[in-house]
There are 2 protein chains.
Amino acid sequence: MTQQAEAARRPPLSRDRVLRAGVALADEAGIDSLSMRKLAQELGVVPMALYKHVANKEQLLDGMVDVVVGEIEPPDPGSDWKGAVRRRILSARRALIGHPWAAQVIQSRPRPTPVVLAYMDSVIGMFRTGGFSVDLTHHVMHALGSRMLGFTQELFDASPGPEPDAPAPASAGDAGQYPYVAELAGAVAHEEGSVVGGGCDDQFEFEFSLDLLLDGFERLRRQGWTSARRPQETSEAQEAQETTG
Amino acid sequence: MTQQAEAARRPPLSRDRVLRAGVALADEAGIDSLSMRKLAQELGVVPMALYKHVANKEQLLDGMVDVVVGEIEPPDPGSDWKGAVRRRILSARRALIGHPWAAQVIQSRPRPTPVVLAYMDSVIGMFRTGGFSVDLTHHVMHALGSRMLGFTQELFDASPGPEPDAPAPASAGDAGQYPYVAELAGAVAHEEGSVVGGGCDDQFEFEFSLDLLLDGFERLRRQGWTSARRPQETSEAQEAQETTG
DNA sequence: ACCTGAACACCGTTCAAGT
DNA sequence: ACCTGAACACCGTTCAAGT
């Protein structure tokens with residue numbers, strides 16, 4: 001009765017509503033809290049009702065990834081390849097940051113969804129129309145890796161877990177055992193503009209390595225790099241050039 | 001009776017034996033098949049017996065990561081920083097490749113174990129003794145990210161899953177929808193030396209982007225880069241130099 | 001024909017009962 | 001004091017029974 005009344009008040013279930021509820025639940029409660037059962041409860045529906053709109057949990061996660069990737073802004077044409085790629089990737093980063101679970105879920109997918117494939121296709125196109133050979137574009141895409149979607153795999157899960165006030169990764173007590181880590185941690189803690197608590201400026205780090213790669217790509221493109229010449233040889237030849245220049 | 005006889009035959013349980021059995025089980029059956037219950041069964045022991053040697057499953061996974069990281073060869077002194085770092089990272093890569101689950105597990109850990117911290121400390125040391133400032137070393141470590149431990153996060157799980165003969169990521173049917181992906185896939189399929197099945201040469205891709213980064217690091221080091229000057233400005237200044245040179 | 005509750009085959013971990 | 005079986009609170013998904 002009450003159940004029926006509630007069902008009548010809510011809009012009918014649809015794949016889209018299921019996916020958006022999944023995204024909302026993962027945003028709020030974390031990806032570990034996302035279960036078919038909890039999602040059904042959130043939607044005021046019996047668990048099995050979900051299976052009419054998604055084949056299983058894997059397909060639910062696929063669809064949720066599509067929602068996030070759908071938030072990435074389209075490429076803006078009419079600028080140099082580097083600026084265009086840079087802007088697009090930083091837009092992807094903004095989308096991913098809004099959904100902290102997304103990076104992990106994307107990497108757990110056994111294959112890209114059509115929406116992700118379309119995004120990758122358009123990024124590849126930006127390199128190709130920017131004057132990159134098929135060969136170089138291929139390796140460049142591998143070098144970008146997950147950075148293409150706006151995230152780098154931090155070595156350890158930096159997401160705010162269930163232990164909010166845990167000791168810092170490199171606490172003072174470990175300074176003796178890990179002198180170089182301590183030196184770095186100390187410098188970061190005193191850095192201007194760093195977040196309270198001694199954290200790193202993730203955006204700066206992201207742009208630092210993104211620009212390092214993009215600059216490297218541009219250098220290779222100008223040299224007409226092909227996979228016949230290994231990058232190491234390339235760099236050595238270039239180092240010689242720089243030294244003499 | 002039979003149980004007791006079996007228990008008597010086996011060496012007594014220890015933390016080390018539990019960890020090694022966990023590594024072996026994950027190697028053989030995949031990380032998804034690793035459960036406390038199955039691991040106990042593998043050791044001929046009741047599930048609760050494991051909890052005397054590891055506090056919980058999280059600590060089991062931590063210990064398993066330590067086993068893998070322990071396989072990385074120590075640094076060999078007395079060579080230039082780039083060669084030393086390169087060799088060490090490629091050694092880490094060999095260790096990680098032997099345990100396909102390790103990359104995923106490392107990234108799921110909320111914080112580095114002491115063994116991983118010690119490895120990171122020694123890598124930081126290779127940069128510092130190689131002439132890198134604390135500042136630059138910090139950003140360089142971020143840029144390396146998971147590559148430091150020998151793996152890059154491939155955008156999608158390339159590990160041999162439960163569907164061994166599934167269609168290729170970009171099958172011919174999708175060529176029309178994703179023209180640039182198709183172009184790349186076609187080129188890779190015809191590449192010399194590529195594995196049968198059209199896969200990429202992962203080792204080449206890894207070294208390509210590793211060398212791209214290491215070369216970039218060396219360039220910044222020589223320029224005396226500090227975080228006051230952004231990489232982009234650096235590169236633009238350098239581009240002007242290169243163009244005029 | 002459609003929907004759904006109970007059931008199945010798992011988890012990690014707690015806890016009290018047994019030796 | 002030590003060990004461990006049963007139990008708890010969950011999963012994703014199957015399937016047969018109900019409407």
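Predicted model, so just to flag it, every value in this text is computed and none were measured. Lettering follows sequence order; numbering is per chain, from 1.
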Would you compute the distance between atom CD1 of A/Ile31 and atom CH2 of A/Trp101 and round it to the nearest 0.5 angstrom?
6.0 Å
In residues 49-68 of chain A, which residues come under 4.0 Å of DNA chain C by heavy atom?
A/Lys52
Could you tell me the separation between the CG atom of A/Leu61 and the CD1 atom of A/Ile106, rounded to the nearest 0.5 Å?
11.5 Å
Which nucleotide in the list D/dT4, D/dC15, D/dG12 gets nearest to the side chain of A/Met36?
D/dG12
Got a second to check how far A/Met148's CE is from A/His142's NE2, nearest 0.5 Å?
9.5 Å
Compute the ring centroids of A/His139 and B/Phe204, then answer whether they are less than 6.0 Å apart.
yes
Could you tell me the separation between the CG atom of B/Asp32 and the P atom of C/dC10, rounded to a whole number of Å?
15 Å
Considering only atom P, compute the distance from D/dG18 to C/dC8 and round it to an integer number of Å.
16 Å
Those stems involving DNA chain D that have three or more consecutive Watson-Crick or G-U pairs, both distances under 3.5 Å, are C:4-8 with D:12-16, C:12-16 with D:4-8
Starting from P on D/dG12, measure out to CD on A/Gln41 and report it in whole angstrom.
13 Å
Write out a two-atom table: protein N or O, nucleotide N or O from nucleotides 16-19 of chain C, distance below 3.5 Å.
none

Go through it in stages, so that I can follow the logic: the residues are B/Phe206 and B/Ile89, the test is side chain to side chain contact (heavy atoms under 4.5 Å, CB included), and I'd like the CA-CA distance, side-chain angles, deciding distance and then a yes or no.
CA-CA 10 Å; B/Phe206 186 87; B/Ile89 288 181; 3.8 Å; yes
What distance do A/Lys38 atom NZ and A/Met36 atom CE have between them, rounded to the nearest 0.5 Å?
14.0 Å
Expressed as a whole number of Å, how far does the C1' atom of C/dG12 sit from that of D/dT14?
24 Å
Minimum-distance nucleotide to B/Arg37 side chain [options: C/dT4, D/dA7, D/dG12]:
D/dA7
Can you tell me how far CE of B/Met64 sits from CG of B/Leu25, rounded to the nearest 0.5 angstrom?
7.5 Å
Who are the side-chain hydrogen bond (donor to acceptor under 3.5 Å, both in side chains) partners of A/Ser122, not counting sequence neighbours?
A/Arg88
Here the salt bridge (charged side-chain N to carboxylate O under 4.0 Å, His left out) pairs for residues 56-65 of chain A, sequence neighbours left out, are A/Glu58-A/Arg109, A/Asp62-A/Arg109
What is the separation between atom CE on A/Met48 and atom C1' on D/dT14, rounded to the nearest whole Å?
7 Å
Taking every non-hydrogen atom, the tightest pair across A/Ala143 and B/Arg147
O-NH2, 3.8 Å
Which residues pass the side chain to side chain contact (heavy atoms under 4.5 Å, CB included) test with A/Ala24, not counting sequence neighbours?
A/Glu28
Distance between P atoms of C/dT13 and D/dT13 (Å, rounded)
22 Å
